[in-house]
Amino acid sequence: MEKLILRRVDRNNEEMILNFGPQHPSTHGVINFIVETDGEVLRKAVPDVGYLHRSIEKIGEVTGWHGFMPFTDRIDYVAAMFPNEGYATAVERLTGIEVPRRAQYLRAISCELARIASHLVSLGTMSMDIGAFTPMLHGIRERETINDLIEALCGARLTYNYHRIGGVAFDLPEGWKERTLAFLDHFDKFLVEFDRLISFNEIYVRRLANVAVITGKDAVDYGLVGPNLRGSGVDWDVRRDLPYGAYDDFEFAVPVGQGFKGTVGDCYDRYYCRCLEMGESSKIVRQALLQLPEGEIMAPKVARNLKVEAGEALSRVESARGEMAFYVVADGTNKAYRVRARTGSFTAMGIIESASPGLMIADLVALIASLDVVAPEIDR
Amino acid sequence: MAKIDSEVGGDVTFFHTSQLDQLINLARENSLWYLLFGLACCGIELIQTGGPRADLMRFGAIPRASPRQADFMIVAGTLTYKMAERAKLLYDQMSEPKYVISMGSCANCGGLFQLAYSVCKGVDKVVPVDVYVPGCPPRPEALTEGLIRLQDKVRNERWQDKRRAPVQGTGAA
Ligand code: SF4
């Protein structure tokens, strides 16, 4: 393929084809973009994915129902709670296992903490791509605290493997509730500080506002999900509109892009939606901790060697990167016939080709960062 | 280093007897710059290790984006066959003397993905590895330990031995 060759197309103008990635600090993982430029202005950028294809879905057909859970972590490692939950929910729908209320609350708590952790990385790396290094370190600092909390909960810092088919693996450790509430008090103040530090920074705003506008119609047509979709002004959140687990018990707002500093659907809207979402997640965790019901954390009698009647099921959860769907097919044995994950980052790749023409090369970095893609979610 | 005797006053001469090798190694081991090569999940732990708590920079390790400025490479994450080619290319672009830390089970041996058809079972199939850090993902402390082991290695070798004749024009990239 000609794409791997760096070449000048025509000596009379500035056209050239560049490879941006796969090893580049601002591609957020291993993704390659084949960039056609005319001088500094992009003709178009075409994503070339597959550098992190780890055949996770295929492995799902060999491991058995329970055994696939650790692999779901690796589908979205920045917020590994969501694939856990999505897969567990799908299998529960398939088998008709009822999850105890307390376990559903614990799932919501762990997921929202993971969402905050994921957005912190996303916003931090985004500001680093734009050229501000400090916010990244602030984000990582807060993330360390969340990592500590989750580590106390399930023993892992990154690949949690916390949810189980039929519940969650561990109950809250002693003193965890107070520690988390104390952290949330601190975190709400941190959000204000973070806004002052970077979100309302004049240079930063000018770098992002009115850049790479994605209209609401385009966002729907290309199948964008999550903060990318809401950043374009479409009011859709699975947690609120198709509630699963414990989410119908909580009060929370769904931030929607409204042209905070420029046009609806620009990079700044997508950025700021994530900032606001962190505040909402913190509210959800607080409510869930205060209302936490007593009871079991695991459904009774979930067989170790689970055999599932032939059938299929779909689950939809709102992950940090948007709607994540798991589709599982059973054929009556103790292994899945097919496991399929539908992830937000993959569809977000699709819009880059049509959103990029006319951007400067430096703005392409802003566009990619604002879409918040994670490489294994694209390739699985 | 001669002890400064504050009682004596006047001319105090600093001196340090050593071998040139040791002196050079002292400088080298404390300024090992690494190539940011986060491939998968372990890449996030790599970021955390460079972050405020673990702070890899206090050992003189500074992340570089370009292989030409890097002394060693931390391969953090799963290496797929498609990426393996690129990893080799990046390794070749680094200047001698160069080292490789393999971080995480995936980079060590394929880890969790033994059954996967698209995963290269270990980065040592492509480039030589100096330090293996186990874990899935290794904690920041473990990676720091890995760096300290690498420093040990650098300290105890003759730096000239590490220099190889330059590869004659392969025309790569
Ligand atoms: S060793 Fe584990 S955490 Fe690291 S890249 Fe492999 S699967 Fe991910």
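Chain letters run A, B, ... following the sequence lines, proteins first, then strands; residues in each count from 1. Owing to the predicted nature of the structure, the values given are computational and were not obtained by experimental measurement.
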Worksheet, complete the sentence: Answer key: most heavy-atom pairs under 4.5 Å with chain A among B/A84, B/S118, B/G50 is B/S118
Fill in: Atom pair CG/OH of B/L79 and A/Y51 - distance to nearest 0.5 Å
12.5 Å
Worksheet item: Got a second to check how far A/T125's OG1 is from B/I47's CD1, nearest 0.5 Å?
Response: 7.0 Å
Discussion item. For B/Y117 and A/H53, which I'm curious about, is there any donor-acceptor pair between the side chains at under 3.5 Å?
Written reply: yes
Item to complete: Pick whichever of A/L137, A/L158, A/I59, A/V374 has the most heavy-atom pairs under 4.5 Å with chain B.
Response: A/L158
Discussion item. Report, in residue-number order, which members of residues 139-151 of chain B are under 4.5 Å from chain A by heavy-atom distance.
Written reply: B/R139, B/P140
Worksheet entry | Part of B/L112 within contact of chain A (heavy atom distance under 4.5 Å) | both
Worksheet item: With a 4.5 angstrom heavy-atom cut-off, which part of B/L90 approaches chain A: side chain, backbone, both or neither?
Response: side chain
So [Y] and [X], do their side chains get closer than 4.5 Å, heavy atoms only?
{"X": "A/L52", "Y": "B/M83", "answer": "no"}
{"X": "B/C136", "Y": "A/R74", "answer": "yes"}
{"X": "A/D48", "Y": "B/K82", "answer": "yes"}

Item to complete: Against chain B, label A/R54 side chain, backbone, both or neither, depending on which of its atoms sit under 4.5 Å from a heavy atom there.
Response: both
Worksheet item: Where does A/V78 contact chain B at under 4.5 Å (heavy atoms): side chain, backbone, both or neither?
Response: side chain
Discussion item. What residues of residues 141-151 of chain A make heavy-atom contacts with chain B at a cutoff under 4.5 angstrom?
Written reply: A/R141, A/R143, A/E144, A/T145, A/N147, A/D148, A/E151
